[in-house]
Number of protein chains: 2
Amino acid sequence: MPELPQSDNMVLNALSHQLVEFFDKINSWENSVVRGSGLSPAQMHTLEVIGHRQDIRMKELAERLGVTTGTLTVAVDKLEKKGLVIRKPHLHDRRSWLVSLTEKGKAIFHRHDRFHRDFTEEISAGLTTEEVAQFSALLTKLLHRM
Amino acid sequence: MPELPQSDNMVLNALSHQLVEFFDKINSWENSVVRGSGLSPAQMHTLEVIGHRQDIRMKELAERLGVTTGTLTVAVDKLEKKGLVIRKPHLHDRRSWLVSLTEKGKAIFHRHDRFHRDFTEEISAGLTTEEVAQFSALLTKLLHRM
DNA sequence: ATCAAATATCTTGACTATCAAACAACAATA
DNA sequence: TATTGTTGTTTGATAGTCAAGATATTTGAT
């Protein structure tokens, strides 16, 4: 197993802590924005995933959210009661349901998406256009390995 | 209010969705790692904050975690029962308690910190040393505005 | 020195999120 | 057809969360 040079080790250590801080700050921003919307963070996240992939099976939705189908059943029940999502039977698999956003759900989804966009603009206001492009390119490489 | 050029707008939109994806992937990685430790994500996060700032007041800990002191009282009760943290009276303010990690809590904290370090190393393995330094520098600028 | 206001923590009640396990309906395969 | 696997639901237990109220202590203004 090859050893990293000491300097690389220190950079990685610093980066690790930066990532933790970055994550925490995004997280608390997200929470404070969501709390102003009448939905819980988990509910908003559910709307987000459905919004990016309409007519999604319960099973796949649960996987993408990282919860069990049991948890999801209850969550979707509540969102359906609020009129934000709707279940439709799967045409070819009668065990399955497809979940999608209602118009009301789509409105919330798009508003939240705009919040993300505004947040991104705000935090990158200290960067030049080139630096933003650079950051995005590096992020692409990182995402490939995750 | 100045309008951004169309191309900048598109870059920001892309970056916004990249950040969401980045956040989600870190989140699910973190959750899967934590679940293997017998602690909940919230409990691990509490240990992390205490670990970085031993002898912290309940009030300040609650603020850093983004929860009310009522929530924290219950959380610290449970961590204390597990032998991971300990409350000590504040020397100069008899209303206050200082919370710190026990040896057992420190062990868990350090192990988790190493997980973060390994994760960082893994995802940045596709980057050159210079790119890692570049990414870290850009992150520093972003963190300043958050 | 006294007293009102502010602060730090804890308690309680209500609600949500979560999982695991057991179950029912249906699909896929031997 | 009979068996095995998959999809979604239900239920019981535990944890996380907040708001509101209670208690003890400190601070600040008279």
Side-chain angles (χ1 to χ4, degrees), chain A residues 24 27-28 30-50 53 55-82 84-100, chain B residues 24 27-28 30-50 53 55-82 84-100:
Chain A
D24 286 349
N27 198 35
S28 69
E30 174 83 6
N31 284 345
S32 66
V33 166
V34 169
R35 293 212 180 283
S37 77
L39 298 180
S40 70
Q43 289 176 325
M44 187 62 85
H45 193 215
T46 305
L47 293 189
E48 274 185 85
V49 175
I50 302 174
R53 195 160 172 356
D55 287 331
I56 188 175
R57 284 174 174 241
M58 293 288 286
K59 187 72 198 310
E60 188 183 348
L61 182 52
E63 276 162 6
R64 293 197 182 224
L65 291 171
V67 299
T68 63
T69 56
T71 296
L72 187 61
T73 294
V74 180
V76 168
D77 284 350
K78 281 176 191 154
L79 289 173
E80 209 169 13
K81 235 169 239 160
K82 282 175 181 262
L84 304 181
V85 309
I86 188 171
R87 278 183 177 94
K88 293 178 290 192
H90 191 290
L91 289 180
H92 307 307
D93 186 342
R94 286 187 297 170
R95 294 168 305 179
S96 252
W97 293 96
L98 298 178
V99 189
S100 52
Chain B
D24 285 350
N27 198 36
S28 70
E30 175 83 6
N31 283 346
S32 66
V33 166
V34 169
R35 292 211 180 284
S37 77
L39 298 181
S40 70
Q43 290 176 325
M44 187 61 85
H45 193 215
T46 304
L47 293 190
E48 273 185 85
V49 175
I50 303 173
R53 195 162 174 355
D55 286 331
I56 187 175
R57 283 172 174 242
M58 291 290 285
K59 187 71 197 310
E60 188 184 347
L61 181 53
E63 275 162 8
R64 294 198 182 225
L65 291 171
V67 299
T68 63
T69 56
T71 296
L72 187 61
T73 294
V74 180
V76 169
D77 284 350
K78 280 175 191 154
L79 289 173
E80 209 169 12
K81 236 169 239 160
K82 282 177 182 259
L84 304 181
V85 309
I86 187 171
R87 277 182 177 95
K88 293 180 288 192
H90 191 291
L91 289 181
H92 308 307
D93 187 342
R94 285 188 297 171
R95 296 167 303 180
S96 249
W97 292 95
L98 298 178
V99 189
S100 51

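Every chain is numbered from 1 and lettered A, B, ... according to where its sequence line falls, protein lines coming before strand lines. Owing to the predicted nature of the structure, the values given are computational and were not obtained by experimental measurement.
With contacts defined as side-chain heavy-atom distances shorter than 4.5 Å, the pair B:V33/B:M44 does not qualify.
Nearest nucleotide to the side chain of A:D93, out of C:dA27, D:dT26, C:dC10: C:dA27. The side chain of A:R94 approaches C:dC26 more closely than any other nucleotide in the set C:dA8, C:dC26, D:dG16. For A:V67, the side-chain atoms get nearest to C:dT18 when compared with the rest of C:dT18, C:dT9, D:dT9. Among the nucleotides D:dG8, C:dC19, C:dA17, the one closest to the side chain of B:R35 is C:dC19. Of the candidate nucleotides D:dG8, D:dG16, C:dC10, D:dG8 has the atom nearest to the side chain of A:T69. Picking from D:dA19, D:dG16, C:dT11 the nucleotide with the shortest atom distance to the side chain of B:T68 gives D:dA19.
If you measure from atom NE2 of A:H90 to atom P of D:dT7, you get 10 Å, rounded to the nearest angstrom. Atom-to-atom, CE of B:M58 to C1' of C:dC10 comes out at 9 Å; the value is rounded to the nearest Å. Here the P atom of nucleotide C:dA27 and the NE2 atom of A:H92 are 12 Å apart, to the nearest Å. If you take CE of A:M44 and C1' of C:dA17, they are 17 Å apart, rounded to a whole angstrom. Whole-Å rounding puts the A:L61 CG to D:dT9 C1' distance at 15 Å. Residue A:L65 contributes atom CG, which lies 13 Å from atom P of D:dG8 at whole-angstrom precision. In this structure, CG of B:N31 is placed 14 Å from C1' of D:dG16, rounded to the nearest angstrom. Following rounding to the nearest Å, A:D77 (CG) and D:dT9 (C1') show an atom-to-atom distance of 9 Å.
If you check distances only, the side chain of B:R95 does reach the base of C:dT7 with a donor-acceptor pair under 3.5 Å.
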If you apply the rule side-chain contact (heavy atoms from CB on, under 4.5 Å), what do you find for A:D24 with B:R64, and how did you get there?
CA-CA 10 Å; A:D24 286 349; B:R64 294 198 182 225; over 6 Å; no

Begin from the C-alpha positions of A:K59 and A:E63 and carry the test side-chain contact (heavy atoms from CB on, under 4.5 Å) through to its verdict.
CA-CA 6 Å; A:K59 187 72 198 310; A:E63 276 162 6; 3.4 Å; yes

Test log, rule side-chain contact (heavy atoms from CB on, under 4.5 Å), inputs B:Q43 and B:L84:
CA-CA 10 Å; B:Q43 290 176 325; B:L84 304 181; over 6 Å; no

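Distances shown here put a side-chain N or O of B:R87 below 4.0 Å from the OP1 or OP2 atom of C:dC10. When the side-chain nitrogen and oxygen atoms of A:K59 are compared with OP1 and OP2 of D:dT7, one or more of them lie within a distance under 4.0 Å. Between B:R57 and the phosphate of C:dA8, there is a side-chain N or O to OP1/OP2 separation shorter than 4.0 Å. Considering only side-chain N and O atoms, B:T71 lies under 4.0 angstrom from the phosphate OP1 or OP2 of D:dC18.
Residue contacts for A:S40: at a heavy-atom cut-off of 4.0 Å it reaches the sugar-phosphate backbone alone, with no base atom in range.
Along DNA chain C, the nucleotide closest to A:G70 and the one closest to B:S96 are compared, and the more 5′ of them pairs with B:S96. When the nearest nucleotides of DNA chain C are assigned to B:V74 and A:G66 by heavy-atom distance, the more 5′-ward of the two goes with B:V74. Mapping A:E63 and B:K82 onto DNA chain D by nearest heavy atom places A:E63 at the nucleotide closer to the 5' end.
Side-chain atoms of A:E80 come within 3.5 Å of backbone atoms of A:R87 as a donor-acceptor pair (strictly under, hydrogens ignored).
The heavy-atom pair separating A:V34 from A:L39 by the smallest distance is CG1-O, 3.3 Å.
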